Enquirer: 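My questions all concern the structure below.
Keep in mind that this is a model prediction, so the values were computed, not measured.
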2 protein chains.
Amino acid sequence: MTLRERVTGAAAAASRSLGLPAEVRNAALDAMAQALGAGTGEILAANDRDLAAARESGLPAPILGRLAFDEKKMAASLAGIAALRGMPDPVGRVLEARLLDRGLTLTRVSCPIGLVAMIFESRPDALVQMAALAARSGNAVVLKGGSEAKHTNRILASILARAGTEAGLPADWLVSLESRDEVAELLAMHEHVDLVIPRGSKEFVARIMETSRIPVLGHSDGVCHVYLHGDADPAMAADIAVDSKIQYPAACNAAEVLLVDAAFVPRGLAPVLGALLDSGVALELCPRSMEAFAGAQGARDSGMQAMHASAASGGSAPVAPAALPVSPAVRPFEGDDWSVEYLDMRIAVRIVDGLEAAISHVNRYGSGHTDAIVCTSVEAARRFMDAVDSSSVFHNASTRFADGYRYGLGAEVGIATGKLHARGPMGVAGLLTYKWKLEGSGQIVADYASGRSSFLHQDIPMEEGR
Amino acid sequence: MTLRERVTGAAAAASRSLGLPAEVRNAALDAMAQALGAGTGEILAANDRDLAAARESGLPAPILGRLAFDEKKMAASLAGIAALRGMPDPVGRVLEARLLDRGLTLTRVSCPIGLVAMIFESRPDALVQMAALAARSGNAVVLKGGSEAKHTNRILASILARAGTEAGLPADWLVSLESRDEVAELLAMHEHVDLVIPRGSKEFVARIMETSRIPVLGHSDGVCHVYLHGDADPAMAADIAVDSKIQYPAACNAAEVLLVDAAFVPRGLAPVLGALLDSGVALELCPRSMEAFAGAQGARDSGMQAMHASAASGGSAPVAPAALPVSPAVRPFEGDDWSVEYLDMRIAVRIVDGLEAAISHVNRYGSGHTDAIVCTSVEAARRFMDAVDSSSVFHNASTRFADGYRYGLGAEVGIATGKLHARGPMGVAGLLTYKWKLEGSGQIVADYASGRSSFLHQDIPMEEGR
């Protein structure tokens, strides 16, 4: 079958999925979990082949780690399916209801989007999660995983597709692609594919966003900021700056730029930067912060020496030499484009003059992902969170909290930095849209236009919050 | 100023609008209403110039009617602003709230999208409505009205922009374009414009949807169906078919295709088609319906004659000659593409075999706008409304109800037939997105990763339904 035939089949499945009752989608999730369990041997064997090939071609250890699908990842995948199975059905929820007139009731009801394409990198467990999300939300899905995982992905897709279909999902509800060439062709099929969710390198995601006419939900950049307001608690500022940077530096929600209010400098610049250095973070300082830090270093050189010594004995992270700023861990920030995404143990530091300057910096150079303020003032926090134009805005918390699991959304579909449809970490709700249902008893508009009838427009209260 | 400078200014205004409190937006609406009232003389004089030029260039009467901005339209515009002013503030609403842990609260809060471009045709009152919607929702806006209305639009935009700014909205919150050439340049500025809402001819909207990389909300086609199920009440079927077609045939929510279940044919085909003919509707019949109607005509020719006679005396619509099917008002449907959008007093009629065939027809040929089933069976209605993939699905009501005002949404921003962000008639909610706000007390992710802390993930009930 050609790609076009497969995608057309999936689009037809999407159409047939629209009216599926919850019981069928529940049964599909059960069947998928059972079939995965029964197929464990086959799946692990296929994964061994992928791992062997990956080792042979010399892929680095972190990629091998993501590629591995062992009993532990199987258990986690099954737990993920069970969690989706246990959540209340997200399809068919009444989001809004209004009595337009006697016997004329309008409801706005959640429903699947249709055919969703999900493109992701090496982790085969992502394929299981995406398939389960599609079954839960009533969408048909085209999946494209990393080519390193092709044997694992092939057996996983085959087991999951068959299990779902046997439980009542339409044939072709899950289509799996194997080659990168097919992605370009898929992205051109905007008449069949309703939504693309890419997860992968920023270049890959950016290219999809630029080339496809299909709506894309995702993010390419994660340029996240931590802003230390003038009244920030220095200890909290250090903790949040360090965690935002080092808890997982390669993640999109890791901080890349530390904005330090000029008013905070005398109160806490040195200890915050010292804590970052002690955690193994390399600093790229703006001229003002370079000067201020050097001055602070000179003034309390002995104190910093002591702090470094204590960290060196207690912490596991490498410690920067004490003779700052000539240390290789402290460098001037080069250029004037602050849209840096290091994704490693570096952070840029810039001194700003006040809250509004910080907000302007974030809105100009940020990527709309996650930005945090550390401050005591409730007013400053409110202003920052209202005025910063990002999908997640935090007060006194690490940027690393920006994540579907931590937000309590259950499975995470992805993180979107666009402004439409879904924004920030997306749970299964990102895979749903809504339709309007009007149930009448023969009403015609001519009666309302002529004044024979008139609208009541009486909102019907919802029981649930969303 | 160049277009780029103006749009960049509006984008900056969008950014500055983000933190504006409700009081400022309320004051802006008040000031806009007051300034319009004070400027009535100027506005009507400008409109006279546009009307004179339009008459001179021989524009047809319906366009002159839409172009006219008289005291009545001024009053309606002011009433529209007052209604928006009176609604609860749509910005800053808490849509979802969750206690992640003690002292760590997550909320999902409505906020403006940013810079919205609205492109519309001849009606100057649309400019007032769009400006008021932007002020209400906290968005900056680029407006482009029809060139026939340029004098009226120019004075309206100038009055509204100034009034808003004087009340506290950022300078450049409203930018008005005058030439069509500028639209193409605007549509290329995807780095500044967050959303385009076009209203106009289907060709115009389709072109924007195809060429712009900016997300577009709107619809080009309105191919709406009325499906008469086997158990439909014939009188109700006739009323709904007639109203869906003739109540305003040029509207996007007017029915273009009547699907008649084979089981309904002996029960009601003849009276329904007779009622359409009596209302002045021309029929384009599929071969089966042509045959069935001719047969029914032959059988009860005298009855139909009588019906026509009575309609001719009572109704104002032209009546088709009784000698069917050779009447010019009854023709065979040509070709096999049922995606017809007449936008006039014609309707296509097709006999289908059962509910599923009707659903397939609608999903294949429809435009995802509005489709109605007429039936008694609750099961059939449920199935149709679940399985038809349209933004509005109706049971026993005219397709003409698909409209923001009739839905009780207040001002209508437009109707969207895409599936993302907003679907169907859009009120001010279509101009809003949301952001996630996390308010902590120094929490870092390392504590949750290490198990020192754990998430509560306790949903906080909302007071309101949405």
Enquirer: Name the option with the most non-hydrogen atom pairs under 4.5 Å to chain B; the candidates are A:G424, A:S390, A:G440.
Expert: A:G440

Enquirer: Quick one: which of B:N396, B:L438, B:D101 has the most heavy-atom pairs under 4.5 Å with chain A, could you say?
Expert: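 Most heavy-atom pairs under 4.5 Å with chain A: B:L438.
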
Enquirer: Would you check if the side chain of B:T399 reaches a backbone N or O of B:A254 as a donor-acceptor pair within less than 3.5 Å?
Expert: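 Judged by distance alone, no pair lies under 3.5 Å.
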
Enquirer: Tell me, out of B:R406, B:Q247, B:E210, who's got the most heavy-atom pairs with chain A below 4.5 Å.
Expert: B:R406

Enquirer: Picking from A:F384, A:F455, A:Y407, which has the most non-hydrogen pairs under 4.5 angstrom with chain B?
Expert: A:Y407

Enquirer: Applying side-chain contact (heavy atoms from CB on, under 4.5 Å) to B:C375 and B:H395, what does each step give before you reach the verdict?
Expert: CA-CA 7 Å; B:C375 69; B:H395 174 213; 3.5 Å; yes

Enquirer: At a heavy-atom distance under 4.5 Å, which candidate from A:G19, A:S15, A:G103 has the highest pair count against chain B?
Expert: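 Sorted descending by pairs with chain B, the first entry is A:G19.
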
Enquirer: Pick one of side chain, backbone, both or neither for B:L106, based on which atoms fall under 4.5 Å of a heavy atom in chain A.
Expert: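 It is the side chain, since no backbone atom gets that close.
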
Enquirer: Backbone N or O of A:A97 within a donor-acceptor pair of the A:T107 side chain at under 3.5 Å?
Expert: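 Side chain of A:T107 to backbone of A:A97, a donor-acceptor pair under 3.5 Å: no, none is there.
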
Enquirer: Give, as side chain, backbone, both or neither, the part of B:F401 having an atom under 4.5 angstrom from any heavy atom of chain A.
Expert: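 When you check distances to chain A, atoms from both the backbone and side chain of B:F401 fall under 4.5 Å.
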
Enquirer: Specify the closest pair of heavy atoms between A:R400 and A:A251, including all atoms of both residues, with the distance to one decimal.
Expert: NH1-CB, 3.5 Å

Enquirer: Shorter than 4.5 Å, heavy atoms on both sides: which option in B:L104, B:V109, B:L456, B:D386 has the most such pairs with chain A?
Expert: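 Maximum pair count with chain A is reached by B:D386.
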
Enquirer: Under a 4.5 Å heavy-atom cut-off, does chain B meet the side chain of A:N363, its backbone, both or neither?
Expert: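 Interface part for A:N363: side chain.
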
Enquirer: In terms of heavy-atom proximity below 4.5 Å to chain B, should A:A422 be classed as side chain, backbone, both, or neither?
Expert: both

Enquirer: Would a distance-only check, ignoring hydrogens and angles, find a side-chain to backbone donor-acceptor pair under 3.5 Å from A:S212 to A:M209?
Expert: no

Enquirer: Pair A:N253, A:H369 - check side-chain contact (heavy atoms from CB on, under 4.5 Å), show working.
Expert: CA-CA 7 Å; A:N253 58 12; A:H369 194 298; 3.8 Å; yes

Enquirer: Side chain, backbone, both or neither: which part of A:Q443 has an atom under 4.5 Å from a heavy atom of chain B?
Expert: both

Enquirer: Sort out for me which of B:V242, B:D194, B:L217 touches chain A most, counting heavy-atom pairs under 4.5 Å.
Expert: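 Option with the greatest count: B:D194.
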
Enquirer: Just so I understand: if I count every heavy-atom pair under 4.5 Å between each of A:G92, A:S244, A:G408 and chain B, which residue has the most?
Expert: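 The option with the most such pairs is A:G408.
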
Enquirer: How long is the span from the CZ atom in B:R452 to the CD1 atom in B:I444, to the nearest 0.5 Å?
Expert: 6.5 Å

Enquirer: Salt-bridge test for A:E439 and A:K437: reply yes if a basic N is under 4.0 Å from a carboxylate O, no otherwise.
Expert: no

Enquirer: Side chain from CB out, backbone as N, CA, C, O: work out which of these in A:T370 comes under 4.5 Å of a heavy atom of chain B, or both, or neither.
Expert: neither

Enquirer: If you count heavy-atom pairs within less than 4.5 Å of chain A, which of B:I460, B:L420, B:I240 leads?
Expert: B:L420

Enquirer: Only pairs of heavy atoms separated by less than 4.5 Å count here; which of A:P425, A:G418, A:C111, A:A449 has the most with chain B?
Expert: A:P425

Enquirer: What part of A:H457 is in contact with chain B, defined as an atom under 4.5 angstrom from a non-hydrogen atom: side chain, backbone, both or neither?
Expert: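 The side chain, not the backbone.
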
Enquirer: Got B:E356 and B:I359 here, is their nearest side-chain heavy-atom distance under 4.5 Å?
Expert: yes

Enquirer: Test side-chain contact (heavy atoms from CB on, under 4.5 Å) on A:E96 and A:W436; report intermediate values, then the result.
Expert: CA-CA 9 Å; A:E96 185 173 344; A:W436 297 92; 4.0 Å; yes

Enquirer: Check whether A:R383 gets within reach of chain B through its side chain, its backbone, both or neither, counting any heavy atom under 4.5 Å.
Expert: side chain

Enquirer: With only heavy atoms counted, which part of A:L195 is less than 4.5 Å from chain B, the side chain, the backbone, both or neither?
Expert: side chain

Enquirer: With heavy-atom distances below 4.5 Å as the criterion, would you say the side chains of A:M426 and A:L409 are in contact?
Expert: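 The answer is no, as the side chains (C-beta and beyond) never meet within the 4.5 Å cut-off.
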
Enquirer: At a 4.5 Å cut-off on heavy atoms, which part of B:Q458 comes close to chain A: side chain, backbone, both, or neither?
Expert: neither

Enquirer: Measure the shortest side-chain to side-chain distance between A:S137 and A:I113 over non-hydrogen atoms and say whether it is less than 4.5 angstrom.
Expert: no

Enquirer: Measuring heavy-atom distances to chain A, does B:R213 have an atom under 4.5 Å in its side chain, in its backbone, in both, or in neither?
Expert: side chain

Enquirer: Of the backbone (N, CA, C, O) and the side chain (C-beta and beyond), which part of A:V91 lies under 4.5 Å from a heavy atom of chain B, both, or neither?
Expert: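 Neither part; nothing is under 4.5 Å.
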
Enquirer: At a 4.5 Å cut-off on heavy atoms, which part of B:Y248 comes close to chain A: side chain, backbone, both, or neither?
Expert: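 Answer is neither: B:Y248 stays 4.5 Å or more from chain A.
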
Enquirer: Tell me, side chain or backbone of A:S392 under 4.5 Å from chain B's heavy atoms, or both, or neither?
Expert: both

Enquirer: For a 4.5 angstrom cut-off between non-hydrogen side-chain atoms, does A:L228 reach A:V226?
Expert: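 A side-chain contact exists here, since the closest heavy-atom pair is under 4.5 Å.
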
Enquirer: Looking at B:D389, B:D233, B:L100, B:T433, which has the largest count of heavy-atom pairs under 4.5 Å with chain A?
Expert: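 The candidate making the most pairs under 4.5 Å is B:T433.
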
Enquirer: Could you walk me through whether A:N139 and A:L115 satisfy the side-chain contact (heavy atoms from CB on, under 4.5 Å) test, starting with their C-alpha distance in whole Å, then the side-chain angles of each, then the deciding distance to 0.1 Å, before giving a yes or no?
Expert: CA-CA 6 Å; A:N139 288 283; A:L115 178 56; over 6 Å; no

Enquirer: Compare every heavy atom of B:I208 with every heavy atom of B:V196, then report the nearest pair and how far apart it is.
Expert: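 Distance-wise, the nearest heavy atoms are CG1-CG2, 4.1 Å.
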
